[in-house]
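Down below is the structure, laid out as structure tokens.
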Amino acid sequence: NASFEARSMGECFINASAIADLRSLVTESAVVFACCAAVLTVCAYGIGNSWNPGDQSGSIGNGAYLAWLGNQYTWDYFLVALGSSVAAMLLWIA
């Protein structure tokens with residue numbers, strides 16, 4: 001087609017002013033909040049996966065171990081960390 005114009009990759013997908021607006025919203029505080037939320041959410045997810053109502057204190061320790069050392073790099077822990085950090089960042093900038 002003769003009307004096709006070569007464009008850079010950035011022009012095709014994202015407007016440059018939209019990126020500038022995002023940079024002003026995503027601050028250091030938002031990133032730290034998102035990281036802390038991801039750590040706490042992954043811990044809670046691990047505790048929830050190993051919860052035993054008969055041994056509550058042991059369940060917390062086992063869940064924290066499962067979340068950080070014993071999960072054998074299963075995909076769901078990475079998805080929980082990603083989802084909770086994105087949600088926390090959106091919550092911070094809202």
Side-chain angles (χ1 to χ4, degrees):
N1 190 348
S3 65
F4 176 76
E5 295 178 19
R7 296 183 185 179
S8 69
M9 192 71 115
E11 290 177 9
C12 292
F13 296 112
I14 298 175
N15 188 353
S17 66
I19 293 175
D21 291 340
L22 277 176
R23 286 184 182 167
S24 67
L25 292 175
V26 179
T27 61
E28 293 87 0
S29 300
V31 172
V32 170
F33 179 70
C35 290
C36 291
V39 167
L40 293 175
T41 307
V42 168
C43 284
Y45 185 72
I47 292 168
N49 280 339
S50 67
W51 187 253
N52 179 5
D55 184 21
Q56 294 179 358
S57 62
S59 295
I60 293 171
N62 291 336
Y65 176 81
L66 178 65
W68 295 107
L69 300 172
N71 65 22
Q72 303 296 317
Y73 297 106
T74 55
W75 62 271
D76 54 339
Y77 287 89
F78 291 99
L79 189 62
V80 166
L82 175 67
S84 64
S85 65
V86 168
M89 177 136 352
L90 291 174
L91 181 67
W92 185 270
I93 64 176

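The structure displayed is predicted, hence computed values, not measured ones.
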Which of parallel (below 30°), tilted (30 to 60°) and perpendicular (above 60°) describes Phe33 and Trp92?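 Tilted, since the angle between the ring planes falls between 30° and 60°.
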
Any idea which heavy atoms bring [X] and [Y] closest together, and the distance?
X: Ser59; Y: Ser50; answer: O-OG, 3.5 Å
X: Ile93; Y: Leu25; answer: CG2-O, 3.2 Å
X: Gly46; Y: Ala67; answer: CA-CB, 4.1 Å
X: Ala34; Y: Met89; answer: CB-CE, 4.0 Å

Rounded distance [0.5 Å steps], [atom1] in [X] versus [atom2] in [Y]:
X: Asn49; Y: Tyr45; atom1: CG; atom2: OH; value: 4.5 Å
X: Asn62; Y: Ile47; atom1: CG; atom2: CD1; value: 10.0 Å
X: Cys43; Y: Leu66; atom1: SG; atom2: CG; value: 10.5 Å
X: Leu90; Y: Ser85; atom1: CG; atom2: OG; value: 9.5 Å

Asn71 side chain reached by Phe78 side chain, heavy atoms, under 4.5 Å: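 No, every pair of side-chain atoms sits at 4.5 Å or beyond.
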
Any side-chain heavy atom of Val80 sitting closer than 4.5 Å to one from Tyr77? no

